[in-house]
Trainee: 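Before I ask anything, let me first share the structure, which is written out below as structure tokens.
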Amino acid sequence: MKQYLDLCQRIVDEGIWVDNERTGKKCLTVINADLTYDVAGGEFPLVTTRKSFWKSAIAEMIGYLRGYQSAADFRKLGTKTWDANANENDAWLASPHRLGPDDIGEAYGVVGRGWRTADGSRIDLLRQIMDDLSKGVDNRGEILTFYNPGIFDRACLRPCMYSHHFSLLGDTLYLNSTQRSCDVPLGLNFNMVQVYFLLAIIAQITGKKAGKAYHKIVNAHIYEDQLELMRDVQLKREPFPAPKLIINPEIKTLEDLETWVTLDDFDVEGYQCHEAIKYPFSV
Ligand SMILES: Nc1nc(=O)c2c([nH]1)NC[C@@H]1CN(c3ccc(C(=O)N[C@@H](CCC(=O)O)C(=O)O)cc3)CN21
Ligand SMILES: O=c1ccn([C@H]2C[C@H](O)[C@@H](COP(=O)(O)O)O2)c(=O)[nH]1
């Protein structure tokens, strides 16, 4: 939590205003932040200075791992986070590649579970990584990437957290996640949960101990219409101790995650937080 608040304060103190053409808004911006999550120690990086809808964040990540392409599937799982980008983004609404209402296009898990090769076949990157890790293999390239510049026009948005690189040291699993662009008040609140969750669940399924997760953020920003709430409300609050994330131990395979898992398989213990803050969302 401290590293999150330090980043927010750094943006307020040192950020530079940058015009963003896509949203038509200005963003107070810093470049580079490195966050670390102690998954072995069970320190769940949940924001406590406002109420965090952590289940929605986990649902988003499960949707990516399942390769979901429709905001309707994300909704069924328990998150509405893709509704606006799928249905209210003018450039995407005009795209010939959009399949219809709720389509987010070839983004995130669609890329990671079905990487397009030159000969037209597809590679399931996640399946390969899980098979390797389960056998204790780390080929120094266990990378789940969602980034394919050749097909950006087939998606409503380019992936923000676009690479998850797993590593084994003995039987301890590590994760390095990279994010190119970060809406710190809204997106990061979810992305921290997702990086922690991703290492915890992949370690559980592959039978490894979870170590640390390292989260690199390149462009970290606060939109102009979020600044006052962050500076004058959220940053004035005192954080509470970190809660614990509880994952159903019956989740043992990738198929479990793909088929029967719901948000009821996750819980947090000891979550004390300040009241909710509704930050504006930019499409
Ligand atoms: N501008 C922008 N910021 C983002 O963080 C973001 C995007 N766009 N587009 C793609 C995804 C969608 N994400 C989202 C979308 C909405 C919320 C949001 O509204 N969160 C609220 C309520 C969540 C809920 O009730 O489930 C929050 O208070 O955290 C968060 C992340 C993250 N990403
Ligand atoms: O997981 C996510 C997804 C998106 N974001 C934010 C970062 C930016 O504010 C927008 C994406 O806009 P681009 O113009 O494509 O950079 O969404 C996030 O923080 N986390």
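Atoms within a ligand are numbered from 1 in the order they appear, just like the ligands themselves. Count residues from 1 along the sequence.
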Trainee: Taking 4.0 angstrom as the limit and counting only heavy atoms of Tyr223, give me the atoms of ligand 2 inside it, by number and element.
Mentor: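 Numbered from 1, ligand 2 contributes 8 (C), 9 (O), 10 (C).
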
Trainee: Closer than 4.0 Å to some heavy atom of Asn189 - which atoms of ligand 1 meet that?
Mentor: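 What qualifies from ligand 1 is 29 (O).
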
Trainee: Distance-only, no hydrogens or angles: does the Arg180 side chain make a donor-acceptor pair with backbone N or O of Pro159 under 3.5 Å?
Mentor: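 A pair under 3.5 Å: yes.
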
Trainee: Just checking, any donor-acceptor pair under 3.5 angstrom between side chains of Gln9 and Asp6?
Mentor: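 There is no such pair (donor and acceptor under 3.5 Å, judged by atom type) between the side chains of Gln9 and Asp6.
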
Trainee: Could you give the distance from CG (Leu144) to OH (Tyr64), rounded to the nearest 0.5 Å?
Mentor: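 Here the interatomic distance stands at 12.0 Å.
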
Trainee: Could Lys135 and Asp131 be called an ion pair, given the rule that one side-chain N must be under 4.0 Å from one carboxylate O?
Mentor: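 Salt bridge: no.
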
Trainee: Do Arg98 and Asp103 sit within salt-bridge range, that is, some charged N less than 4.0 Å from a carboxylate O?
Mentor: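 No, this pair does not count.
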
Trainee: Closest non-hydrogen protein atom to atom 3 (N) of ligand 1, residue and atom name please, with distance?
Mentor: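 Checked against all protein heavy atoms, atom 3 (N) of ligand 1 sits closest to Asp183 OD2, 2.8 Å.
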
Trainee: Run the side chain to side chain contact (heavy atoms under 4.5 Å, CB included) check on Trp92 and Asn85 step by step: do they pass?
Mentor: CA-CA 8 Å; Trp92 179 237; Asn85 286 108; over 6 Å; no

Trainee: Quick check on contacts: which atoms of ligand 1 are under 4.0 angstrom from a heavy atom of Glu60?
Mentor: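 Ligand 1 atoms under the 4.0 Å threshold to Glu60: 12 (C), 13 (N).
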
Trainee: Starting from atom 17 (C) of ligand 1, locate the nearest protein heavy atom and write down its residue, its atom name and how far away it is, to 0.1 Å.
Mentor: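 Its nearest protein heavy-atom neighbour is Thr81 CG2, 3.9 Å.
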
Trainee: What is the distance from atom SG of Cys8 to atom CG of Asp13, rounded to the nearest 0.5 Å?
Mentor: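 Atom-to-atom, Cys8:SG and Asp13:CG are 11.0 Å apart.
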
Trainee: Below 4.0 Å, non-hydrogen atoms only: which portion of His221 touches ligand 2? Side chain, backbone, both or neither.
Mentor: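 The answer is the side chain of His221.
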
Trainee: What atoms of ligand 1 come closer than 4.0 angstrom to any heavy atom of Leu157?
Mentor: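 So the atoms of ligand 1 that pass are 9 (N), 10 (C).
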
Trainee: Looking at atom 6 (C) of ligand 1, what's its closest protein heavy atom, distance included?
Mentor: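 Looking at atom 6 (C) of ligand 1, the protein heavy atom closest to it is Phe281 CE1, 3.8 Å.
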
Trainee: State the atoms of ligand 1, each with its element, that fall below the 4.0 Å cut-off from a heavy-atom position in Asn85.
Mentor: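 So the answer, numbered in order with elements, is 7 (C), 9 (N), 10 (C).
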
Trainee: Taking 4.0 angstrom as the limit and counting only heavy atoms of Ser282, give me the atoms of ligand 1 inside it, by number and element.
Mentor: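 By the 4.0 Å cutoff, the relevant atoms are 1 (N), 2 (C), 8 (N).
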
Trainee: Using distance alone, decide if ligand 2 has a nitrogen or oxygen within less than 3.5 Å of any nitrogen or oxygen in Ser181.
Mentor: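 Yes; the residue has a nitrogen or oxygen that sits under 3.5 Å from a nitrogen or oxygen of the ligand.
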
Trainee: Closest non-hydrogen protein atom to atom 30 (C) of ligand 1, residue and atom name please, with distance?
Mentor: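 Scanning the protein heavy atoms, the shortest distance from atom 30 (C) of ligand 1 goes to Phe190 CE2, 3.8 Å.
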
Trainee: Regarding atom 28 (O) of ligand 1: of the candidates Lys278, Gln226, Arg50, which has the closest heavy atom?
Mentor: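 Ranked by closest heavy atom to atom 28 (O) of ligand 1, first place is Arg50.
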
Trainee: For ligand 1, which atoms sit closer than 4.0 Å to a heavy atom of Ser56?
Mentor: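 Near Ser56, meaning under 4.0 Å from one of its heavy atoms, ligand 1 has 26 (O).
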
Trainee: Can you tell me the protein heavy atom closest to atom 5 (N) of ligand 2 and the distance?
Mentor: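 It is Cys160 SG, 3.5 Å.
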
Trainee: Quick one: does Glu60 get an N or O within less than 3.5 Å of an N or O on ligand 2?
Mentor: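 Between Glu60 and ligand 2 (N or O atoms, distance only) the closest approach is not under 3.5 Å.
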
Trainee: Taking non-hydrogen atoms only, is Arg180 closer than 4.0 angstrom to ligand 2 via side chain, backbone, both or neither?
Mentor: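 Arg180 to ligand 2: side-chain contact only, backbone stays beyond 4.0 Å.
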
Trainee: Does an N or O anywhere in Asp183 fall below 3.5 Å from an N or O of ligand 2?
Mentor: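 In this structure, Asp183 places an N or O atom under 3.5 Å from an N or O of ligand 2.
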
Trainee: Verify the neighbour count for atom CD1 of Ile16: are there more than 12 heavy atoms of other residues, nucleotides or ligands below 6.0 Å?
Mentor: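 No, not enclosed.
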
Trainee: Step through it carefully: locate the ring centre of His164, locate the ring centre of Phe166, and say whether they are under 6.0 Å apart.
Mentor: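 No; Phe166 has its ring centre 6.0 Å or more from that of His164.
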
Trainee: Nearest to atom 22 (C) of ligand 1, what protein heavy atom do you find, and at what distance?
Mentor: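 Minimum-distance protein heavy atom for atom 22 (C) of ligand 1 reads Phe53 CD1, 3.9 Å.
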
Trainee: What atoms of ligand 2 come within less than 4.0 Å of a heavy atom belonging to Arg22?
Mentor: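 Heavy-atom distances to Arg22 below 4.0 Å select 10 (C), 11 (C), 12 (O), 13 (P), 14 (O), 15 (O).
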
Trainee: Can you tell me how far apart CZ (Arg154) and CG (Leu99) are? Round to the nearest 0.5 Å.
Mentor: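 Rounded to the nearest 0.5 Å, the CZ-CG separation comes out at 10.0 Å.
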
Trainee: Between the side chain of His274 and the main-chain N/O of Glu238, is any donor-acceptor distance below 3.5 Å?
Mentor: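 Pair found, side chain donor or acceptor close to backbone of Glu238.
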
Trainee: Among Tyr214, Tyr37, Phe44, Phe190, which one satisfies ring-ring contact (aromatic ring centres under 6.0 Å, His included) with Tyr196?
Mentor: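 So the option named by the test is Phe44.
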
Trainee: What's the shortest distance from atom 11 (C) of ligand 1 to any protein heavy atom, and which residue and atom give it?
Mentor: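 Going atom by atom, the protein heavy atom closest to atom 11 (C) of ligand 1 ends up being Trp82 CZ2, 4.1 Å.
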
Trainee: Looking only at side-chain N and O atoms, does Gln226 offer a donor or acceptor that is under 3.5 Å from a partner on Asp183?
Mentor: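 Short answer, yes.
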
Trainee: Ion pair present between Lys212 and Asp38, side-chain N to carboxylate O less than 4.0 angstrom?
Mentor: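 No, no charged N to carboxylate O under 4.0 Å.
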
Trainee: May I ask you to decide whether Asp73 forms a salt bridge with Arg66, counting only side-chain N to carboxylate O separations under 4.0 Å?
Mentor: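 Salt bridge between Asp73 and Arg66, a charged N being under 4.0 Å from a carboxylate O: no.
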
Trainee: Measuring from non-hydrogen atoms of Tyr108 to any atom of ligand 2, is the shortest distance under 4.0 Å?
Mentor: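 Right, Tyr108 reaches ligand 2.
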
Trainee: Show which atoms of ligand 2 fall inside a sub-4.0 Å distance from at least one heavy-atom site of Gln179.
Mentor: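 Those of ligand 2 that fall under 4.0 Å from Gln179 are 18 (C), 19 (O), 20 (N).
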
Trainee: Check this for me, if you would: do Lys26 and Asp19 make a salt bridge, where the nitrogen-to-carboxylate-oxygen distance has to be below 4.0 angstrom?
Mentor: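 Not counted as a salt bridge, because no side-chain N and carboxylate O are separated by less than 4.0 Å.
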
Trainee: Is the closest N or O pair between Arg22 and ligand 1 shorter than 3.5 Å?
Mentor: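 No; every N/O pair is 3.5 Å or more apart.
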
Trainee: N/O of Gly187 under 3.5 Å from N/O of ligand 1, yes or no?
Mentor: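 N/O-N/O distance below 3.5 Å exists for this pair.
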
Trainee: Which atoms of ligand 1 are found less than 4.0 Å from any heavy atom of Leu186?
Mentor: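 Answer, ordered by atom number: 18 (C), 20 (N), 21 (C), 27 (C), 29 (O).
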
Trainee: At under 4.0 Å between heavy atoms, is it the side chain or the backbone of Tyr162 that contacts ligand 2, or both, or neither?
Mentor: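 It is neither part, as no heavy atom is under 4.0 Å.
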
Trainee: If the cut-off is 4.0 Å to any non-hydrogen atom of Asn191, which atoms of ligand 2 fall inside it?
Mentor: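 Answer for ligand 2: 1 (O), 2 (C), 18 (C), 19 (O), 20 (N).
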
